Amino acid sequence: MYRWVGYGRISANLKRAVLVAEDAAFWTHTGIDIEQIKESMEINMERMEFARGASTITQQLAKNLYLSPSKNPIRKVRELLIARRLEVELTKPRILELYLNVIEWGDGIYGAEAASRTYFGKPASALGADESALLAAAIINPRVLNPGGPTARLRRRQQMILRRMGAVTPPANAAPPSAPGALPASEGVPAVLPGQALPPTTLPGAPVKPPGGR
């Protein structure tokens with residue numbers, strides 16, 4: 001299930017919740033959060049395993065639109081390069097709009113509008129704080145954590161996100177892209193679902209997965 005909605009038709013509650021859960025420094029970094037990378041590396045080295053990632057929302061968008069989910073180091077480098085390119089080409093609200101429209105929220109459920117209607121029977125514009133925090137809490141593992149039947153673990157993450165949501169205030173409306181070559185507000189919408197091949201016109205000059213490629 002997939003249904004595109006514009007930035008202004010997505011609840012500010014959901015924007016806050018997702019930023020708190022996935023990328024608290026979104027408005028200040030340039031696509032890569034160096035401090036989070038350092039912190040994650042320290043934690044992973046202490047535990048001797050890959051226990052924590054440090055991907056920003058921009059990096060996640062780059063992966064969802066152009067790359068496979070592989071943890072291959074080369075793919076990670078490409079993700080970083082594409083993330084920096086996205087930050088140059090698009091405004092922050094536009095990046096967040098795209099992210100909220102392509103992210104997976106369950107098996108075959110993509111984007112905020114589809115998730116909101118599937119789990120709560122309402123449009124994404126009408127999501128309250130509790131519902132938004134529950135959706136944001138599930139992003140970490142959308143195939144296992146189901147907002148429609150939340151586990152104790154999911155509820156704990158929801159409460160943690162709710163406590164932090166007041167510290168984030170997203171812009172009320174998405175500003176139109178102004179950088180040279182930036183995508184207009186009506187363009188750049190994925191023509192297919194995340195994980196499938198995208199047409200090369202989505203972002204000129206950026207790497208695009210070939211059909212069936214990994």
Side-chain angles (χ1 to χ4, degrees), residues 7 10 14-45 49-105 110-112 115 135-143 145 157 161 164 168 170-171 174 177 179 181-183 188-198 200 202-210 213-214:
Y7 185 90
I10 300 173
L14 183 61
K15 295 168 190 170
R16 290 191 185 95
V18 169
L19 290 172
V20 165
E22 295 297 306
D23 190 356
F26 176 72
W27 301 113
T28 57
H29 65 59
T30 57
I32 302 168
D33 190 338
I34 301 300
E35 291 304 315
Q36 279 297 311
I37 291 175
K38 290 180 180 178
E39 187 176 326
S40 295
M41 288 178 63
E42 291 174 0
I43 292 174
N44 293 337
M45 290 179 67
E49 63 177 355
F50 187 79
R52 175 177 172 179
S55 292
T56 64
I57 279 177
T58 312
Q59 287 175 251
Q60 292 181 51
L61 179 63
K63 180 184 71 175
N64 288 340
L65 290 181
Y66 298 103
L67 303 168
S68 76
S70 165
K71 292 184 179 180
N72 184 297
I74 295 176
R75 185 206 64 76
K76 192 66 177 180
V77 171
R78 293 181 66 197
E79 177 188 298
L80 295 174
L81 294 174
I82 296 172
R84 292 301 296 268
R85 175 69 185 276
L86 287 171
E87 289 276 347
V88 171
E89 296 285 347
L90 306 176
T91 64
K92 286 285 190 176
R94 179 60 169 156
I95 291 171
L96 184 56
E97 177 189 53
L98 287 166
Y99 177 81
L100 290 172
N101 273 283
V102 302
I103 190 172
E104 183 179 10
W105 254 304
Y110 294 93
L135 285 176
I139 292 174
I140 190 172
N141 195 341
R143 297 292 182 95
L145 300 175
R157 284 184 56 79
I161 291 168
R164 299 177 181 176
V168 178
L183 299 175
V189 180
V192 293
L193 293 179
Q196 298 177 325
L198 294 174
T202 304
L203 187 64
V208 177
K209 289 182 290 186
R214 293 184 179 278

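Predicted model only: the values in this text are computed from it and were never measured.
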More than 12 non-hydrogen atoms from neighbouring residues, nucleotides or ligands closer than 6.0 Å to CD1 on I140, yes or no? no
Could you give the distance from CD (E79) to CG (L65), rounded to the nearest 0.5 Å? 11.5 Å
Taking D23 for the side chain and L19 for the main chain, is one N or O donor matched with an acceptor at less than 3.5 Å? no
Quick one, I103 and Y110 - any side-chain contact, counting heavy atoms below 4.5 Å? no
Nearest-0.5 Å distance that lies between atom NZ in K92 and atom OG1 in T28: 7.0 Å
So which heavy atom on W105 is nearest to which on A138, and how close? CD1-CB, 4.4 Å
Taking all atoms of both residues into account, what is the closest heavy-atom pair of L145 and A137, and its distance? CD1-O, 3.8 Å
Verdict with supporting geometry, R164 and R16, side chain to side chain contact (heavy atoms under 4.5 Å, CB included): CA-CA 9 Å; R164 299 177 181 176; R16 290 191 185 95; over 6 Å; no
Between I10 and N101, does the side chain to side chain contact (heavy atoms under 4.5 Å, CB included) criterion hold? Intermediate values first, please. CA-CA 10 Å; I10 300 173; N101 273 283; 4.1 Å; yes
Polar contact flag, side-chain donor to acceptor under 3.5 angstrom, T58-K63: no
Any heavy-atom pair between the side chains of W27 and P93 that's under 4.5 Å? yes
If you take all heavy atoms of A115 and L135, which pair is closest and at what distance? CB-CD2, 4.1 Å
Starting from the C-alpha separation in whole Å, work towards a yes-or-no answer on side chain to side chain contact (heavy atoms under 4.5 Å, CB included) for Y99 and E22. CA-CA 11 Å; Y99 177 81; E22 295 297 306; 3.7 Å; yes
By salt bridge (Lys or Arg N to Asp or Glu O under 4.0 Å), which residues pair with R84, not counting sequence neighbours? none
Roughly how far, to the nearest 0.5 Å, is the CG atom of N64 from the CD1 atom of I57? 11.0 Å
Distance under 6.0 Å and angle within 45° of ring axis: K15 vs F26: no
Is there a donor-acceptor pair closer than 3.5 Å between any side-chain N or O of S55 and the backbone N or O of Q60? no
Kindly give the heavy-atom pair with the smallest separation between A83 and G31, and that separation in Å. CB-O, 4.1 Å
Closest non-hydrogen atom pair, Q59 against I32: OE1-CA, 4.0 Å
Locate the shortest heavy-atom distance separating A21 from A136; write the atom from each residue and the value. CB-O, 3.9 Å
I need the E97 CD to L61 CG distance, nearest 0.5 Å. 11.0 Å
